[in-house]
Structures are given as C-alpha cells and as structure tokens.
Amino acid sequence: MSRLLPVASAVQARRYARDLIRRHPGLFRATVGLHVAAALAGLAGPRLLGELVQGVHDRVPMSELDHLALAIGGFVVAQTVLIRFAHLSSARLGERVLTRLREEFVDRVLAMPLSTVESAGSGDLLTRTTRDVDALSKCVRFAVPETLIALITLGLVIGALLLVSPVFAVPLLIGVPIIVVGSRWYLRHAPSGYLRQNAAYSDVTEGLTETVESARTVEALGRQRQRVARTDVDLRRSWRAERYTLRLRTVWWPVIEISYVVPMVLTLLAGGWLHLHGRVSLGALTAAVIYVQQLVDPLDRLVGWLDELEVGAAALARLLGVTAGPRPAVTDVPEPAGTWIEVRDVRFAYEPGREVLHGVDLVLEPGERLAVVGVSGAGKSTLGRLLAGVHRPTSGSITVGGVPLDALPPERLRAEVALVTQEHHVFIGTLRDNVAMVRPHAQEGEIRAALTAVQALGWADDLPDGLDTVVGAGGFLLTPAQAQQVALARLVIADPHTLVLDEATAMLDPRAARDLERSLAAVVSGRTVVAIAHRLFAAHDADRVAVMDGGRIVELGSHDELVAAGGAYAALWDSWQGEGMKKARPEGAPFP
C-alpha cells in the first residue's frame, strides 16, 4: 500500500516563503515602492474630485475648475503608468521566486531515495509535480501580487479617509468585525480542507495511473470491476473534499460582501445627514464616499485572492514535504578500496514486522557473473534492488570496496552499481542529450563509441538529424528496442563496475530481444553482473548461481555443482528441461 509523502507545517511554509522573498530584497522593495506610489496617485483623484464638486457648488471661476480637472487627469495617467510598472515588477519577482522554488523542488525530488518514491506511489508525487506546482504558480504570479496591492491600497485609502474627517471612519468599525469574524472562521477551517482536497486528488491520480499502466494485467485477471470500484471510491472522496471547501467559500464570500457594502451605505446616510446639518462640506462628503467606494475594490480583490492563497499555501506545504525536509548530511565518504561487494546478514522489510529477506550473506568478486534464481516471491528482485542501492537494508550491511553502499551519494553510487530493468525512458531532447545525460560533458567520440557498443550507431546515424534529432514526445519516436539500446548506451557512458540485471529484455518481442541480448553482452563485458533470472536458462552460463527460497539463499555454486547436488536448483532445472525451455532460449544468446 502506498504512503503519501509528508506535508510541511504552516510555520515551515511561511518561513520558506519569507526566505524566498528575502533572496530578492532589491526587487521586492522596488515592487512595494511602485505599488505604494500607484496607490498614492489613485488617492489624489477623490480628493480633487471633492474639491471640484465643492467648487461647482461655490461657483468658483471656470479656470480653477479646469485646473482641477487637468490635475485629476494627470494623476489618472500617472497612476496608470505606475500600475503598469508595478505589475511588471511583481511579475518579475514572482517568476524569480517560482523559478527558485521549482529548481529546489526538482533537486530534492531527484535526490530522494528511490525507496521513498516507490513507497509513496506515483500518484502523490505526480500530483505534487503537476497540480500543486500549477496551483502555486498561479498563486505566486497573481494571488500574491494582487493581495499585496490590495493591502497597500486598503491602508492608504483608510488613511486618506481619516484625513478628510475621522467621522467617516466610524461606519468602517461596523464592517471590520464582520470581516474579522468571518475570515477567522474561514482560515481556521480552510487549510486542512485544501490539504485533504489535494491528498484526495493524489489518490485519484494514483489509482488511474495504476489502472492505465497495468491495463493488460487488469484485463487478463478480470479485475475491471475492482478497478472501477477503486476509482469510484477515490472520486467520491475527492468530491466530498471539494464539497467541503466549496461550502466554506459559499459561507465566507456572502459574509464578506455584506461587510464592505454596509459601511458604504452608512457613509452615504450619515454623511448626508451631517452635510444637511452643516457639519461637513459637500466636497468632503464626496471625497469620503469615493474613498469608501475605493475600499470595495481592494477588499473584493483580497477576498477573491485569499482563497487562491489558501490553495497556494496548501500546495506549498505539500511541495515542501519533498523539498524542505532535512537534507542529507554532507560527509567525506572514504574511497572504496576495490570493486568487490559484500552482503552481511542483510534483512529487509517493506512493511514493519513483515520481513522479506532473512539474514542474506553474499560476496561478489570483481568480474563475476552471478545468477539469482528461485520461485516467484522468493526475494530475487528485492535482493537485486538492495544491491543496486534502491532500498536500504532494515539491518545488516552491504559494502562496496569496504564502504557502505548507502553512504555513497547518488551520483557516486551510480558510478559503482547500476540497475537495469525492462523499464526505459526517452526524454524530450536530442538523441545526443539522451545518451550523455549521465555525463553531460561526454565528448562526441565517447557518445558514438557507446552507441557502437550497443549496436545502435547505424540507426542513429540514419535519423533525420543524426545525433541531433529530437526524440521523445513531440519528436522522433523510437521503437521499444531502440529506447532500450539508448538506455544501455547510457550505462556505457556511466561506466559502473557492477550491473544488476532484472530481466532487461523480458518485455520485448523475441527478435528484438535477441538483438538486445547482443547489445547487452557488449555492456556487461568485463563487469560484475548480477542477473535476476526469472527465466532459468540465464543461469546456465553464470559463474555462480544463488538459489533463493523464502527470502534466504539456500544454495550457492556453479550450475554443474548445483545440478549434481540434486537439491532445489536441480529440481528447478529439471522443470525447465524439454522443448518448452529450448524454445524459450534465444539461439546463441550470451549471459545473461
């Protein structure tokens, strides 16, 4: 069962957001300054308009009214220009912050232990890298700048209203408690609601991904109804989570609407009464009403974007669950004294209390070819993944050249041991980039030599642009066999001394598999090879065969020795004898 990745706390999210802003102090100050200047330019209009109304009432000369009208127009133009540059500065700041966050997120994801990624499942990580990043992107690009503008405008408008007359601020005191109470209620319930909504969406994504990727298995086993039922359950959970957040919004938004409409109505009524009794001038009343009206826009903007801020905060917390965790301590790792690998009393459990490997001991000599065989569920693939550093032992140790395997940083680990499976990936980019991605500075000659080693240079040169042909989604589509050859060429560039092979050609058609067997033979030449042999013929040419049963190595020796011993391996080998086994083995196929 998959376990969702952790979620950062609200305190961690706020601290991280502040740190991101502090990395761009100059741009942040410029952004705030431009918004303040734009808001100040906007405040001059109502005051001048009030004086214009008062001037018309007092029948002042037309020249003075013209000057007031020109001043109002000038401030409108100035505000327009300032708003344009303020928004541009906000966009630049937002893009820089978002770029830094994305870079750190990708760095952290790629540095995560593969075991953590696998235990979390593809749905949660996929949702965080797509939906949560998109939500945070919208928040940084739009919600944060708009909220900043709204807060600055609110503060300045209230200040200008007080300068006109403190009396006009009294109606605001009625709307403030409504805003405070309603917002506190919303903010108390919204964060957990949006986290549940995003987590439920992760479950939907994971379930659909598993169903699509395993469609053939689902059909073969007749489990369509079970997968449909799983999807229905996930969708119902997601619907309930989204209905909860929708209910919060349908309560909060009407309350906020009332909170800023009531002060405007009261200002008109109270201001009119005061003007009739000679307490305030017509110009002051006009300016006050316009200022109160101006409060509606930033309040409405603040309310509208606060919901996006909550969505963005939930997305940031989920991203920080991956990116802001404690980074592995950087320590000086000793240089391995050799290329031999030792497995000492290794135990492993995917779930606490459910051990699948029990005290495994094994020594791999440099250049040795070891086949690991056994019935399904014996622990073969698990041992292979431990040898490749994908998982860490629950107890015991695995060392390479005397250095613990799990002490090596990922980039160094892959230079020692690499896992090769039937899964392969073609990334969007040139064929050259796909081959050299394990060592980006590899020279042209090295790339061509790697493709030659896996018998892929011929078709590579025949591509429209040769090595510079764009492959992957939207580019030239490689066949499964070609994609696997590209993956093998990467191994040649990476040059690990030990390979763990988990049926690297099992998913291909027989003719493609025969061609890849020859490509694979060039890759494994001169290296230590551990072949997880689901098909027993792969064990025949190995130097040694390790027979696993129930999470233990029960037999270890050469093929001839184990057949002669008449034990578990001999029984397995006997079951493979006959025409069926002979047909399964490609003619002249090399180890593995």
Side-chain angles (χ1 to χ4, degrees), residues 1-17 94 98 101-102 105 108-109 116-117 119-144 146-147 182-212 227-256 301-325:
M1 180 179 179
S2 63
R3 296 185 294 271
L4 294 181
L5 294 168
V7 176
S9 67
V11 174
Q12 289 174 313
R14 286 195 296 268
R15 185 186 302 119
Y16 185 81
L98 191 61
L101 178 64
R102 281 175 166 167
F105 176 73
R108 172 54 62 180
V109 168
T116 302
V117 177
S119 65
S122 58
D124 189 32
L125 188 58
L126 183 63
T127 302
R128 296 191 191 213
T129 56
T130 54
R131 191 171 187 262
D132 288 338
V133 169
D134 288 342
L136 187 59
S137 175
K138 183 178 180 182
C139 180
V140 171
R141 286 193 177 106
F142 305 110
V144 172
E146 291 294 332
T147 302
S183 298
R184 289 186 64 181
W185 174 83
Y186 175 77
L187 294 175
R188 188 167 60 250
H189 295 86
S192 60
Y194 283 113
L195 286 175
R196 284 197 301 273
Q197 178 177 311
N198 289 349
Y201 194 86
S202 293
D203 291 338
V204 173
T205 303
E206 181 176 353
L208 291 175
T209 301
E210 290 177 350
T211 301
V212 171
R227 298 309 300 177
V228 170
R230 156 73 190 270
T231 302
D232 288 342
V233 170
D234 290 341
L235 288 174
R236 279 196 296 271
R237 187 182 300 114
S238 178
W239 173 75
R240 286 195 296 268
E242 293 199 27
R243 186 181 63 174
Y244 175 77
T245 57
L246 177 61
R247 183 177 67 84
L248 296 179
R249 295 192 294 273
T250 55
V251 172
W252 183 51
W253 284 355
V255 169
I256 298 300
R301 189 182 302 170
L302 187 63
V303 169
W305 287 110
L306 191 57
D307 189 57
E308 289 294 336
L309 285 176
E310 286 300 319
V311 175
L316 179 60
R318 284 168 53 81
L319 293 178
L320 290 183
V322 175
T323 63

Nearest-0.5 Å distance, [atom1] of residue [X] to [atom2] of residue [Y]:
{"X": "T211", "Y": "E206", "atom1": "OG1", "atom2": "CD", "value": "10.0 Å"}
{"X": "Y201", "Y": "R237", "atom1": "OH", "atom2": "CZ", "value": "15.0 Å"}
{"X": "L187", "Y": "L309", "atom1": "CG", "atom2": "CG", "value": "9.5 Å"}
{"X": "T231", "Y": "D203", "atom1": "OG1", "atom2": "CG", "value": "11.5 Å"}
{"X": "Q197", "Y": "Y244", "atom1": "CD", "atom2": "OH", "value": "11.5 Å"}

List the steps and the verdict of salt bridge (charged side-chain N to carboxylate O under 4.0 Å, His left out) for R236 and D232. CA-CA 6 Å; R236 279 196 296 271; D232 288 342; 5.1 Å; no
Of all the heavy-atom pairs spanning L195 and A317, show the shortest one and how long it is.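 Minimum heavy-atom contact is CD2-CB, 4.5 Å.
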What's the shortest heavy-atom distance between N198 and A315, and which atoms?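 Nearest pair, atom of N198 first, then A315: ND2-N, 4.1 Å.
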Run V251 and Y186 through side chain to side chain contact (heavy atoms under 4.5 Å, CB included) and show every step you take. CA-CA 9 Å; V251 172; Y186 175 77; over 6 Å; no
Under 3.5 Å: donor-acceptor pair, side chain of S238, backbone of D234: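 Side chain of S238 to backbone of D234, a donor-acceptor pair under 3.5 Å: no, none is there.
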Side-chain donor-acceptor contact under 3.5 Å, R318 with S202: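 Note: R318 and S202 side chains meet the donor-acceptor criterion.
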May I have the step-by-step check of side chain to side chain contact (heavy atoms under 4.5 Å, CB included) for R227 and E210, ending in yes or no? CA-CA 9 Å; R227 298 309 300 177; E210 290 177 350; 3.3 Å; yes
